[in-house]
Amino acid sequence: MQIQQNISLKAYNTFAINVTAKEFAVFSSLEELQELLAYNTNNENLIIGGGSNILFTKNFDGLVLKNEIKGIELIKEDNEYYYIKAAAGEVWHSFVLYCIQQHYFGIENLSLIPGYVGASPMQNIGAYGVEVKDIFYELEAYHLTEKKQVNFNLQECEFGYRESVFKTKFKNQFVILNVTFRLHKKPVFNISYGAIQQELEKMKITQVSAQAISNAVIHIRLSKLPNPKEIGNAGSFFKNPVIPNEQFDQLKKLYPHLQGYKENENYTKIAAAWLIEQSGWKGYRKNDAGCHNKQALVLVNYGNATGKEIFDLSTAIIDDVKTKFSITLQREVNII
Ligand code: FAD
Ligand code: EPU
C-alpha cells in the first residue's frame with residue numbers, strides 16, 4: 001500500500017480536471033482501507049471509484065482513497081432469482097457484461113454506464129427504463145467514524161431518481177464495500193424505452209435477448225454521449241426536473257413540442273436538455289468549458305478547463321433557465 005503526495009487527479013476524473021490531491025492511495029481490502037483511515041485521522045477523506053460523476057473545483061487538501069476491492073460471487077439462489085455480490089471496485093460495465101454472459105437477467109439496460117459498482121447505489125444509476133433500485137438486494141458499507149460494517153436493504157437506501165441516503169442524510173459517512181444484486185433466472189426484458197425498440201429494429205433483431213438489448217443500448221449511448229476519453233465530461237450534468245402537472249400544462253401551452261413523462265399522479269418529468277437548448281446554451285464554449293453541441297445536458301472540458309470554469313458555466317445555465325422557465329435545475333454531478 002503506497003501513499004502518494006501531491007499528485008495530479010487528471011487521470012482519476014472523467015472531466016479530466018487537473019487538480020492535485022495532497023495525498024492519494026488505492027485500497028484493495030477493508031483492512032487496507034482501515035489502515036489508511038487510521039493514518040489519516042487529521043485530514044479529510046474522499047472515496048472515489050471511476051471518477052465519472054465528480055467535478056473537482058479546487059485542489060483536494062486531504063487523502064483521496066480509490067476503491068479497488070475486487071470480486072464477484074453468486075451467494076444464493078431461489079426459484080426466481082440469483083443473488084450476486086459484487087465488490088465495490090469492480091468496473092460497472094464489465095460486471096454488466098459478466099451477468100449477461102452468465103444469463104443473469106435484468107441488468108442489460110444499464111450497459112456502458114461508466115464507473116464502479118460501489119458508486120452505483122450512490123445516485124441509483126439509471127438508463128433506458130431501468131434503475132439500480134430495480135435489481136438491488138442489499139449492500140454492505142463501512143461507517144467512517146463508528147468504524148463498523150452496516151448492511152442496507154432496499155428500503156433503507158431510500159432510492160429515488162438519482163438519489164439515495166448516501167447522497168442525503170448519510171452523505172460522506174459510509175464507504176460502500178460491496179453490493180448484492182437480485183437478477184432474474186428467466187428473461188424479463190424491459191424494452192419500453194422507445195429508443196431501444198427503434199435501435200433493435202435498425203439492428204434487424206427479431207429475437208430479443210439480453211445481449212441484443214445491451215448492444216442496442218451501447219449503440220445509442222455511443223451515438224449520443226461524448227466519450228470521456230476524447231472530451232472530458234461526467235454524463236448528464238443536471239437532473240431532469242420533476243415539476244407539478246399544472247406547471248407542465250402551462251408550459252405545454254406555450255411550447256407545444258415540450259415532452260413530459262408522468263413521474264407520478266401529480267408530477268411530470270421534463271428534459272433538462274430541452275430547457276438548456278431553448279435557453280441558447282447548446283454548443284456554447286468559453287475557453288475550454290462548454291455545453292456539448294449534440295447533447296445540451298452534458299457539460300464538457302475541451303482540454304484545459306478548470307473545475308471552476310465548468311462550475312461557473314453551470315451556474316450561468318441554472319440562472320438562465322430559471323429566468324426563462326421558472327425552473328431551478330439541480331446539479332447531478334458531485335461538486336468537490
Ligand atoms: P465516482 O465519480 O468516483 O464517485 C461518485 C460519488 O460517489 C462521489 O461523491 C464519491 O465520493 C462517491 N463514491 C464513489 N464510490 C464510493 C464508495 N465505494 N463508497 C462511498 N462513496 C463512493 N449515470 C447514470 O445514472 N446514468 C447514466 O446513463 C450515466 N451515463 C453517464 C455517461 C457518461 C459518459 C459519464 C461520464 C457518466 C455517466 N453517468 C451516468 C454518471 C456516472 O457514470 C455514475 O454516477 C457512476 O455510478 C459513477 O461511478 P464512479 O465509480 O465513477 O463514481
Ligand atoms: N433533448 C434536447 N436537446 C438535446 C438533447 C436532448 O432537447 O440537446 C431532448 C430530446 O427531446 C430528448 C430528451 O431531451 O428526447 C431526452 O434526451 P435523452 O434521451 O438523451 O435523455 P436525457 O434526459 O438527456 C437521461 C439520463 C441519462 C440516461 C438517459 C437514458 C438524467 C439526468 N439523464 O438523459 O443519464 O442515460 O436519460 O435513459 O436523467 C447521467 O445520469 O449521467 C445520464 C447520462
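In what follows, every heavy atom counts, from backbone to side chain, and hydrogens, waters and symmetry copies are set aside. For ligands, and for the atoms within them, numbers begin at 1 and follow the listed sequence. Quick caveat, the model's predicted, so the values are computed rather than measured. The first residue in the sequence is number 1, and the count goes up from there.
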Heteroatom proximity flag, Leu46 to ligand 1, N/O under 3.5 Å: no

Side chain, backbone, both or neither: which part of Trp92 has a heavy atom under 4.0 Å from ligand 1? neither

Counting heavy atoms only, which part of Ala271 comes closer than 4.0 Å to ligand 2: side chain, backbone, both or neither? side chain

Are any of the N or O atoms of Gly50 closer than 3.5 Å to those of ligand 1? yes

I need the contact type for Lys282 against ligand 2. Using non-hydrogen atoms and a strict under-4.0 Å cut-off, is it side chain, backbone, both or neither? side chain

Between Leu275 and Ile270, is any pair of side-chain heavy atoms under 4.5 Å apart? yes

Is the Phe166 ring parallel, tilted or perpendicular to the Phe170 ring (thresholds 30°, 60°)? tilted

Does ligand 2 have any atom that is closer than 4.0 Å to a heavy atom of Lys294? yes

Please work out, at 4.0 Å between heavy atoms, whether the side chain, the backbone, both, or neither of Glu277 comes within that distance of ligand 2. side chain

Within less than 4.0 angstrom of ligand 2, does Tyr161 place any heavy atom? yes

Which bit of Ala127 is near ligand 1, meaning a heavy atom under 4.0 Å away: side chain, backbone, both or neither? side chain

Check this for me - ligand 1, Gly126, N or O atoms closer than 3.5 angstrom, yes or no? yes

Heavy-atom nearest neighbour in the protein, as seen from atom 20 (C) of ligand 1, with distance rounded to 0.1 Å: Phe174 O, 3.4 Å

So, does Lys224 sit close enough to ligand 2 that a heavy atom of it is under 4.0 Å from the ligand? yes

Test Phe181 against every option in Tyr82, Phe105, Phe95 by the ring pair (Phe, Tyr, Trp, His ring centres under 6.0 Å) rule and name the one that passes. Phe95

Could you tell me the residue and atom name of the protein heavy atom closest to atom 1 (N) of ligand 2, and the distance to it rounded to 0.1 Å? Ala273 CB, 3.6 Å

Which segment of Tyr193 sits under 4.0 Å of ligand 2 when only heavy atoms are counted: side chain

Tyr261-ligand 2 polar pair, N/O distance under 3.5 Å: no

Nearest neighbour of atom 44 (C) of ligand 2 from the list Ser236, Pro241, Gly235, on a heavy-atom basis: Ser236

Side chain proximity check, Gln123 to Asn334, heavy atoms < 4.5 angstrom: no

Sub-3.5 Å N/O-N/O distance, Pro114 and ligand 1: yes

Would you say atom 11 (O) of ligand 2 touches the protein, meaning some protein heavy atom is under 4.0 Å from it? no

As a test of the contact definition, would atom 30 (C) of ligand 2 count as having a protein heavy-atom neighbour under 4.0 Å? yes

Quick one: does Arg221 get within less than 4.0 Å of ligand 2, heavy atoms only? yes

Ligand 1 contacted by Arg162 (non-hydrogen, < 4.0 Å): yes

Which residue supplies the protein heavy atom nearest to atom 18 (N) of ligand 1, what is that atom called, and how far is it? Ile176 O, 3.0 Å

Around atom 11 (O) of ligand 1, find the nearest protein heavy atom and jot down its residue, atom name and distance. Ile47 O, 2.6 Å

Which residue and non-hydrogen atom of the protein lie closest to atom 8 (C) of ligand 1, and at what distance in Å? Asn334 ND2, 3.9 Å

So, are Lys308 and Asp312 salt-bridged, with charged N and O less than 4.0 Å apart? yes

Tell me whether the rings of His184 and Tyr81 are parallel (<30°), tilted (30 to 60°) or perpendicular (>60°). tilted

Atom 39 (N) of ligand 1 - nearest protein heavy atom and its distance: Ile113 CG2, 4.3 Å

Any nitrogen or oxygen of Lys239, main chain or side chain, under 3.5 Å from a nitrogen or oxygen of ligand 2? no

Identify, for atom 34 (C) of ligand 1, the protein heavy atom at the shortest distance, and state residue, atom and that distance. Asn233 OD1, 3.5 Å

Is there any N or O on Gln123 that sits under 3.5 Å from an N or O of ligand 1? yes

4.5 Å side-chain heavy-atom contact, Ile69 and Ser28: no

protein heavy-atom neighbour closest to atom 32 (C) of ligand 1 works out as Arg221 NH2, 3.4 Å

Relative to the heavy atoms of Ala296, which atoms of ligand 2 are at a distance of less than 4.0 Å? 4 (C), 8 (O)

Answer yes or no: does an N/O atom from Asn53 fall short of 3.5 Å to an N/O atom of ligand 1? yes

Looking only at protein heavy atoms, what sits closest to atom 48 (C) of ligand 1 is Ser52 OG, 3.2 Å

Is the distance between the ring centroids of Phe174 and Tyr142 less than 6.0 Å? no

Mind checking whether Gly51 has an N or O less than 3.5 Å away from an N or O of ligand 1? yes

Classify the ring geometry between Tyr104 and Tyr98 as parallel (under 30°), tilted (30 to 60°) or perpendicular (over 60°). perpendicular

